[in-house]
Amino acid sequence: MSFIMEKKLPTPKEIKELYPMSAEVAKCKEEKDKELQDAISGRSDRFIVIIGPCSADNEEAVCDYISRLVRVQEAVMEKVIIVPRVYTNKPRTTGEGYKGMFHQPDPEKAPNLLAGLVAIRHLHMRVLEQFRLPVADEMLYSENYRYLSDILSYVAVGARSVEDQQHRLVSSGIEVPVGMKNPTSGDFSVMLNSVVAAQHGHNFLYRGWDATTSGNPYAHVILRGGVNQYGRTLPNYHYEDLMRLWEMYQERKLANPACIIDANHSNSGKRYKEQIRIVKEVLHSRAHSREIRRLVKGVMIESYLEEGRQDIGCGNHVYGRSITDPCLGWEDSERLLYEIAERC
């Protein structure tokens, strides 16, 4: 019935000093930031595809996967911006289960937060340095964002965090695009209220500091579907949903109206193969409506080397298969990426 303070962890400044980013890589990151800002704002019509494992559980498998994304990016670079999902913190509905590389750098071993901090910074830096692609992660813990603030080009706020005041305020001080997911209820108003908060400046307590922010004009929404009171999934990627969202955006007069469609989670009912059909429907809606084309800036896809999922500690662990939500395999993902480029 109490807190046990195990050990004092290094501050974000100390971690950054121990594992600094070179000037060359920092310049690359700045260029990738601008590409995404331009896509969200409409200054560029390149389509964003945020794609990768549900959880980044193994550095070598994740980098193997991203090396394949690089080859596709080179072929579709005029139409598509590929952003690897390098998600190192995982929300758990009941608080149980694998919480990501930050907690357990080795999923088969006990949690080790210090080793996790080092592991996630190393992985994110490696992706940026080696593959020169913009990096995305979820801001599960708002106080931890600054451990990776110099690396990330895209930040997602999850369905269980989007109503949290601290997440909204911290998002207002982030300089790269931040995607606010709709809550698990599916309520669009809650999601848009988060964007309003993130686009305005605030003064608040952050990591022991009196902090002031200027607002983030690149804060936008992510539609991931919802769940009703009976536990049934409620998809929200259909044409009618997108038109309703467009109208609600217009009422609020927010900067840079933008939406990313999460093709998995409650939109697919976690039927991972449905992501292919969902993405195609979204592209069809964009082709049919000028308003939806202006609104929908990209999609989010859960994908890994091998399709499906597996349990931690299973006897025959498959390299490159998700240990959290089921994902598309590489072959399906590659075909889908090329189709997205063709239809954009």
Side-chain angles (χ1 to χ4, degrees), residues 39-40 42 44-54 69 72 76 79-83 85 136 154 156 158-159 177 179-188 191-192 220-228 232-250 257-304 307-308 322 325-344:
I40 292 294
S44 161
D45 62 0
R46 295 171 71 192
F47 194 69
I48 300 168
V49 180
I50 303 165
I51 185 169
C54 175
L69 288 180
V72 179
V76 303
K79 295 185 177 182
V80 173
I81 303 173
I82 294 178
V83 183
R85 279 175 56 106
Y154 187 91
M180 300 290 195
K181 288 196 172 185
N182 62 259
T184 53
S185 68
D187 192 319
F188 280 17
M191 171 181 64
L192 284 165
H220 59 280
V221 305
I222 302 174
L223 297 185
R224 50 87 74 197
V227 180
N228 69 11
R232 294 177 183 168
T233 56
L234 302 170
N236 56 17
Y237 59 86
H238 296 304
Y239 181 90
E240 294 78 10
D241 299 305
L242 300 178
M243 288 304 299
R244 173 170 168 258
L245 178 61
W246 171 260
E247 292 164 2
M248 294 177 74
Y249 248 122
Q250 302 316 300
C259 171
I260 302 290
I261 306 297
D262 179 348
N264 212 13
H265 298 102
S266 292
N267 270 331
S268 70
K270 296 191 179 180
R271 299 185 298 274
Y272 64 94
K273 288 276 194 178
E274 287 293 287
Q275 294 183 96
I276 300 170
R277 180 191 58 77
I278 291 166
V279 168
K280 291 179 181 180
E281 180 175 328
V282 170
L283 294 173
H284 176 75
S285 295
R286 289 181 86 243
H288 184 73
S289 164
R290 182 167 54 185
E291 290 80 10
I292 291 176
R293 182 178 178 85
R294 290 175 60 190
L295 176 67
V296 177
K297 307 294 187 180
V299 292
M300 186 176 287
I301 301 166
E302 291 197 324
S303 156
Y304 212 176
E307 69 177 22
S322 176
D325 287 350
C327 297
L328 286 179
W330 174 251
E331 291 77 13
D332 283 335
S333 303
E334 184 179 32
R335 280 193 296 271
L336 184 56
L337 285 167
Y338 282 120
E339 181 162 356
I340 290 170
E342 286 176 10
R343 297 178 63 172
C344 284

Exercise. Can any side-chain N or O of Tyr237 pair as donor or acceptor with the backbone N or O of Ala263 at less than 3.5 Å?
Worked result: no
Exercise. Which residues satisfy the side chain to side chain donor-acceptor pair (under 3.5 Å) test with Asp325, sequence neighbours excluded?
Worked result: Lys270
Exercise. Roughly how far, to the nearest 0.5 Å, is CD of Gln275 from CD1 of Ile301?
Worked result: 6.5 Å
Exercise. Looking only at atom types and distance, does a side-chain atom of Ser333 sit under 3.5 Å from a main-chain N or O of Gly329, one as donor and one as acceptor?
Worked result: yes
Exercise. ring-ring contact (aromatic ring centres under 6.0 Å, His included) with Tyr154: which residues, sequence neighbours excluded?
Worked result: His220
Problem set entry | Leu295 side, atom CG; Met243 side, atom CE - distance, nearest 0.5 Å | 9.0 Å
Exercise. Looking at side-chain heavy atoms only, is the closest gap between Met191 and Lys181 below 4.5 Å?
Worked result: no
Seminar exercise, completed: Nearest heavy-atom approach of His265 to Glu302 is CE1-OE2, 3.3 Å
Exercise. Just how far is it from atom CG of Asn264 to atom CD1 of Ile278, taken to the nearest 0.5 Å?
Worked result: 7.5 Å
For this session: I would like to know whether Ile82 and Ile51 meet side chain to side chain contact (heavy atoms under 4.5 Å, CB included); could you show each step before the answer?
Result: CA-CA 7 Å; Ile82 294 178; Ile51 185 169; 4.0 Å; yes
For this session: Output yes when a side-chain donor or acceptor of Arg224 lies under 3.5 Å from a complementary backbone atom of Ile261, and no otherwise.
Result: no
Problem set entry | From CG (Leu336) to OG (Ser303), nearest 0.5 Å | 9.0 Å
For this session: Check the pair Arg46 / Lys79 against side chain to side chain contact (heavy atoms under 4.5 Å, CB included), numbers first and verdict last.
Result: CA-CA 5 Å; Arg46 295 171 71 192; Lys79 295 185 177 182; 6.0 Å; no
Exercise. To the nearest 0.5 Å, how far apart are CD1 in Ile81 and CZ in Phe47?
Worked result: 11.0 Å
Problem set entry | Atom of Asn267, atom of Pro235 and distance for their closest heavy-atom approach | OD1-CA, 3.3 Å
Exercise. How far apart are the closest heavy atoms of Arg343 and His284, and which atoms are they?
Worked result: NH2-N, 3.7 Å
For this session: List for me each residue that meets ring-ring contact (aromatic ring centres under 6.0 Å, His included) alongside Tyr338, sequence neighbours excluded, and say none if there are none.
Result: none
Exercise. When you check the side-chain N and O atoms of Asn182 and Asn236, is any donor under 3.5 Å from an acceptor?
Worked result: yes
Exercise. Does Cys259 reach the side chain of Ile222, with side-chain heavy atoms less than 4.5 Å apart?
Worked result: no
Exercise. Restricting to pairs with a member in residues 281-298, which pass salt bridge (Lys or Arg N to Asp or Glu O under 4.0 Å), not counting sequence neighbours?
Worked result: Arg277-Glu281
Problem set entry | Tyr272 side, atom OH; Ser322 side, atom OG - distance, nearest 0.5 Å | 11.0 Å
Exercise. Which pairs with one or both residues in residues 326-338 pass salt bridge (Lys or Arg N to Asp or Glu O under 4.0 Å), sequence neighbours excluded?
Worked result: Lys273-Asp332, Asp332-Arg335
Exercise. In a check of side-chain contact (heavy atoms from CB on, under 4.5 Å) between Val279 and each of Ile276, Val282, Leu283, which one passes?
Worked result: Leu283
Exercise. Would you say Arg232 and Val227 make side-chain contact, with heavy atoms under 4.5 Å?
Worked result: no
Exercise. So which pairs with a foot in residues 236-247 pass salt bridge (Lys or Arg N to Asp or Glu O under 4.0 Å), sequence neighbours left out?
Worked result: none
Problem set entry | Any side-chain donor near an acceptor of the partner, Thr233 and Ser266, under 3.5 Å | no
Exercise. Can you find a heavy atom in the side chain of Val49 that is under 4.5 Å from one in the side chain of Val83?
Worked result: no
Exercise. Does the side chain of Ile292 reach to within under 4.5 Å of the side chain of Tyr239, using non-hydrogen atoms?
Worked result: yes
Problem set entry | Criterion side chain to side chain contact (heavy atoms under 4.5 Å, CB included) on Ile48 and Ile40, from CA distance to verdict | CA-CA 9 Å; Ile48 300 168; Ile40 292 294; 3.9 Å; yes
For this session: Could you walk me through whether Leu223 and Ile260 pass side chain to side chain contact (heavy atoms under 4.5 Å, CB included), step by step?
Result: CA-CA 6 Å; Leu223 297 185; Ile260 302 290; over 6 Å; no
